[in-house]
Amino acid sequence: MKIEVRIAQWLLAALFFLTGALRLWQALHGVLISDAVLLMSTAQVLLGVLLATGWQLRIVALCAAVLLLIDAATTHPFWKLSGGSAATSLLAFLRHVSLAAGLLLLSTAGGARRR
C-alpha cells in the first residue's frame, strides 16, 4: 500500500478513535450521555482501532462511511433549521459527508491485494 494511503488510513482512524474515546472518557467522569451516544462512541472507538490496524480495511471503511452518513442525516438536520444554526448544522453535515467520501476512497485504494 502506498504511504499516502497508509497515512490517510491512520488519520481517519485517529479521528474515529479519539472522538469516541473522548465521549467515553467524559461518561466515565460523570458527564451525562445518552445510551445512543454511548453506543455510537463505542462503535467509533472500535472502528478507529480496526481502521488503524487495517483489518478488513475495505469493509470497515465502508461501514464507517455509512455510519458517518447516518450520523450526518440524524444529528445535523440543517434543512429543518434557519439562520445561524442552519449554517452551523450545514457545515457539520458537510464535514461528515466529506469524511465519508475519504473513507469511500480508502475502501477502494487500500483494501484488496492485486494479482
Side-chain angles (χ1 to χ4, degrees):
M1 184 182 314
K2 291 183 175 183
I3 188 67
E4 59 269 16
V5 174
R6 184 70 70 191
I7 291 169
Q9 172 189 344
W10 292 334
L11 290 173
L12 288 165
L15 174 77
F16 273 88
F17 182 82
L18 293 173
T19 302
L22 176 63
R23 281 198 219 115
L24 292 175
W25 180 262
Q26 290 172 334
L28 285 173
H29 287 85
V31 175
L32 294 177
I33 295 176
S34 71
D35 290 342
V37 173
L38 281 175
L39 181 62
M40 177 71 110
S41 300
T42 303
Q44 285 178 316
V45 168
L46 178 61
L47 285 170
V49 169
L50 294 176
L51 282 170
T53 62
W55 184 81
Q56 297 291 320
L57 185 58
R58 187 171 284 212
I59 294 167
V60 172
L62 287 173
C63 289
V66 169
L67 180 71
L68 273 172
L69 292 174
I70 291 169
D71 186 45
T74 58
T75 61
H76 304 293
F78 65 90
W79 54 91
K80 293 181 181 179
L81 305 171
S82 62
S85 58
T88 302
S89 186
L90 175 61
L91 287 174
F93 180 87
L94 292 174
R95 188 174 323 124
H96 279 65
V97 171
S98 298
L99 288 168
L103 286 160
L104 289 174
L105 285 171
L106 181 62
S107 75
T108 63
R113 292 184 181 157
R114 300 183 192 231
R115 294 179 189 211

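- Rounding to the nearest 0.5 angstrom, the gap separating the OG1 atom in T88 from the CZ atom in F93 is 15.0 Å.
- Checked by atom type and distance alone, the side chain of S89 never pairs as donor or acceptor with a backbone atom of A86 at under 3.5 Å.
- Looking at H76 and L91, their side chains never come closer than 4.5 Å, going by heavy atoms from C-beta outward.
- Around CG of L28, the count of heavy atoms belonging to other residues, nucleotides or ligands within 6.0 Å exceeds 12.
- Here the CZ-CG distance, from R58 to L106, works out to 10.0 Å after rounding to the nearest 0.5 Å.
- Both F78 and L94 are assigned to one and the same hydrophobic cluster, defined by single-linkage of ILVMFWY side chains at heavy-atom distances under 4.5 Å.
- Taken together through direct or relayed side-chain contacts under 4.5 Å among Ile, Leu, Val, Met, Phe, Trp and Tyr, F17 and V37 form part of one hydrophobic cluster.
- Of the inter-residue distances, the one linking R23 atom CZ with M40 atom CE reads 7.0 Å to the nearest 0.5 angstrom.
- We find the OG1-CG distance between T108 and L57 to be 10.0 Å, quoted to the nearest 0.5 Å.
- Taking the side chain as every heavy atom from C-beta outward, D35 and L39 never approach each other to under 4.5 Å.
- Rounded to the nearest 0.5 angstrom, L50 CG and C63 SG are separated by 9.5 Å.
- Defined by atom type and a distance below 3.5 Å, a donor-acceptor pair is present between the side-chain atoms of Q9 and R6.
- Hydrophobic clustering (side-chain heavy atoms under 4.5 Å, transitive across Ile, Leu, Val, Met, Phe, Trp, Tyr) keeps L15 apart from V97.
- Taking 4.5 Å as the limit, every side-chain heavy atom of V60 sits out of range of all side-chain heavy atoms of F16.
- Within the 4.5 Å cutoff, side-chain heavy atoms of L103 are placed close to those of L51.
- Tracing side-chain contacts under 4.5 Å through hydrophobic residues (I, L, V, M, F, W, Y), one reaches L69 starting from L90; they form part of the same cluster.
- Both L67 and W55 are assigned to one and the same hydrophobic cluster, defined by single-linkage of ILVMFWY side chains at heavy-atom distances under 4.5 Å.
- Counting only distance, with no hydrogens or angles, the side chain of T53 and the backbone of V49 share a donor-acceptor pair below 3.5 Å.
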